[in-house]
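Order of the sequence lines sets the chain letters (A, B, ...), proteins ahead of strands, with each chain counted from 1. Predicted model, so just to flag it, every value in this text is computed and none were measured.
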Amino acid sequence: MNFDTAWKAGIQGRSGAENMKAAKQGSAKPATRHDDSSELLSLLRHMWVIRAFEEKVSALYAAREIVGLLHLGIGQEAVAVGVCGLLDTDDLVYGGHRSHGHAIAKGADPNRLMAELAGRFTGYCRGKGGSMHIVAAEAGFVTASGVVGGTVPLALGAAFAAREKGAGRVAVVFFGDGAGQTGPFHESLNIASLWQLPVIFVCENNGYAEFTPLSAHTKVERLAQHANTYGIPGATVDGNDILAVRKAMGRAVDNARAGKGPTFVECLTYRLRGHYEGDPGKYRELSQLADWKKKDPIARFTRVLKRRRAASAGDFEKAESDARALVDAAAEFALSSPWPEPEETATQVCA
Amino acid sequence: MPELSYLEAIRSGLLAEMRDDPSVYVFGEDVALGGPFGVTQGIAEELGSHRVVNTPISEGTVMGVAIGAALSGLRPVVEIMFVDFITLAMDQLVNHAAKLHYMSGGQLRVPLTVRVQCGVQGNMGAHHSQSLESWFLHVPGLKVVMPSNPADADSLMRDAIRDDNPVLFVEHRGLYFTRAEVPEGGSGRAMDRAAVLRSGTDVTVAAVSRMVAPAREAAEALAAEGISVEVVDLRSLVPLDVETLVNSVRKTSRLIVVHEAVEQGGVGAEVAARVQEQALYYLDSPILRVAAPNAPVPCAPPLENFFVPDKERVVAAVHRTLASQPA
Ligand SMILES: Cc1ncc(C[n+]2csc(CCOP(=O)(O)OP(=O)(O)O)c2C)c(N)n1
Ligand SMILES: [Mg+2]
């Protein structure tokens, strides 16, 4: 989808629905293509929206305006935007417990998303979902999940349906390195390969599952190796380099649309915050954190764009300040929205 | 009216929906060849092999695939070969199928049917004989139906597939080859409603699935003693038709629940609780349960026979409830 349109619409203070309508006017483009400057700048803007959104969420959590169990993806924005920037609204994305960024990158309305995190009736799920159970159906973000590895099979189902309908749509699932040790993950790689489904596995390998490094969960060094086992093309890329993610993803999307089956993209990245908000993070060395801060995907991409003279200094500043303004407005929308009525509790149990 | 076996009636309901609606797909192990019992036999030949999808032995993931497909507008029917293996798919059923409509604030729907066969038949032992339906009563968002006869099997299958919610369709292996007339085109909506199979005035016996037969036999035998038993086939466990049960108990003042699943934490407990909430003062004696003992299902014939409630046990329970009088 053209999420630049959605983003601009958001800045102009349109409602979520208008936002999405504007976004949907963007048309399907081939995924592998030459990026022009305005497109590159739009990627940067979207990374900023996610960063600003999650920093705001963190602040609201500290202020107890948002409660619950929050997993932020600060530092991993290049994966979300690199992947979703190549998808249309009708392509279906599944996430996990750390998926605010995935939903935003897929075109979810920041207002309704923030309202959902704040437990308000105006949230995407009327406050019934919360941070780990985001659904933004209108944007093609089907669902997040609190069950590690749990959405991998669901994405196969979306891919199966897409293939049967013959619409050339693809399904994408984001999951972490920890999910790579679950049974459904392995069963899913096998079935996706067996049935040649148009699904793309995006593994965000941030090196840790909660407090445990990957090396203490498996002897397999690169999770993309598993793709090999099951006969799926796989690649490991620098997940903090949005252009590298985009390149690998472009090939994957083109293949899936052309009926050439699944692809596995492992993105090496790092979360710059704790596993959850409030995690003191004693299991990681501060020096490691400092090293990864130097590889911050937003600063890094800004440097690339500067080198390419793809935008002016003013553009870079504006990308950040506009994102912060958008997110401030989302927070205001959320916190001024009504709570769900208690009677809402036992509604929508059955369709 | 054609006479069909229970197994053929399941196929008849399934096939009718699949002919009507191209979004109905079957997933399961060996299903393209009909599965081990032959329920899906011939469907691939008639409607195309893409509609009857053989899967690897990956119950959890296949359940997830079906849920994902349901979220994308298909109406999948998943076959879990033995209910004993639904354990492997519990996460997807409980955490996703049951909850996505709710958690999404109504944005998503999961029109999924899960076919399982359950129960004791053929000395297969503890991993191929269980009755696990009561677990699913405890998961808001799931529906559970258990047909006891061919006509209901046909109708409930149609209802389950048309339902916009995940429905667990529990078949009993011991009923597969029982035969009865099945109205062509289905016998109308059967879901959500219990069926009063025999009207009576002294005791209500509410039974589930294969236990309906011994309940009826018991009623027959007791009639000869001058005891009038009302037999209710629950059919649908979620939602539970409490109204029919309460109406019956208001008349008979006594209730016995019969199921093949073990007694503790079973459907009988839920029925008893729900009925007494509305009809306690109509009851003349405690509600009794006739159920399997609290043990895994054993293999050896004398043990297995002892495990499954039969007509004699229902008769004995009826005598017990009639002997117990309010102080
Ligand atoms: C099935 C399951 N087991 C355990 C948990 C608790 N848990 C939440 S996140 C997490 C670690 C996940 O690691 P990874 O997949 O690498 O994702 P990351 O948190 O690094 O993004 C665990 C164990 C869970 N949510 N689900
Ligand atoms: Mg991780």
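The closest side-chain heavy-atom distance from B/Val65 to A/Leu197 is not below 4.5 Å. For the pair B/Gln92/A/Pro153, a side-chain contact is recorded, criterion being any heavy-atom separation below 4.5 Å from C-beta on. Between A/Ser145 and B/His96, the closest side-chain pair of non-hydrogen atoms falls below 4.5 Å.
Judged purely by atom type and a 3.5 angstrom limit, A/Lys128 has no side-chain atom pairing as donor or acceptor with the backbone of B/Gly106.
Looking at A/Thr143, only its side chain comes within 4.5 Å of chain B, counting heavy atoms on both sides. B/Lys99 does not touch chain A: none of its heavy atoms, backbone or side chain, sits under 4.5 Å away. In this structure, chain B has a heavy atom under 4.5 Å from the side chain of A/Val147, while its backbone stays farther away. Neither the backbone nor the side chain of B/Leu88 comes within contact range of chain A; no heavy atoms are under 4.5 Å apart. Within the 4.5 angstrom heavy-atom criterion, atoms from both the backbone and the side chain of B/Thr55 approach chain A. Contact annotation for B/Asp164: both backbone and side-chain heavy atoms come within less than 4.5 Å of a heavy atom of chain A. Heavy-atom distances place no part of A/Thr182 under 4.5 Å from chain B, backbone and side chain included. Heavy-atom distances place no part of A/Phe185 under 4.5 Å from chain B, backbone and side chain included. Interface remark: A/Leu194 contributes side-chain atoms only to the contact with chain B (heavy atom separation under 4.5 Å). For B/Val110, no part sits under 4.5 Å from any heavy atom of chain A, backbone or side chain.
How far OG of B/Ser58 is from CG of A/Asn190: 6.0 Å, rounded to the nearest 0.5 Å. Atoms CZ and OH, on A/Arg126 and B/Tyr102 in that order, are 10.5 Å from each other to the nearest 0.5 Å. Put simply, CG on B/Leu74 and NZ on A/Lys165 are 6.0 Å apart, with the number rounded to the nearest 0.5 Å.
Contact record, A/Trp195 with B/Pro56: CZ2-CD, 4.5 Å, taken as the closest heavy-atom pair. Closest approach of B/Thr61 to A/Ser188, counting heavy atoms only: CG2-OG, 3.5 Å. Of all non-hydrogen atoms in B/Gly64 and A/Leu154, the two that sit nearest each other are O-CD2, 3.3 Å. Across all non-hydrogen atoms, the minimal contact from A/Phe160 to B/Val53 is CZ-CG2, 3.9 Å. Contact record, A/Val135 with B/Gln107: O-NE2, 2.9 Å, taken as the closest heavy-atom pair.
Among the candidates A/Gly130, A/Gly146, A/Ala162, A/Ala158, the residue making the largest number of heavy-atom pairs closer than 4.5 Å to chain B is A/Ala158. Your options are B/Pro111, B/Ala98, B/Gly105, B/Pro76, and the one with the most heavy-atom pairs under 4.5 Å with chain A is B/Gly105. Most heavy-atom pairs under 4.5 Å with chain A, from the set B/Met63, B/Met103, B/Arg109: that is B/Met103. Between chain B and the options A/Gly129, A/Ala136, A/Ala137, A/Cys350, heavy-atom pairs under 4.5 Å are most frequent for A/Cys350. Between chain B and the residues A/Glu164, A/His186, A/Glu344, the most heavy-atom pairs under 4.5 angstrom are made by A/Glu164. The most heavy-atom pairs under 4.5 Å with chain A, out of B/Asp91, B/Leu108, B/Ile67, come from B/Leu108.
Other residues, nucleotides and ligands place no more than 12 heavy atoms under 6.0 Å from the NE2 atom of B/His127.
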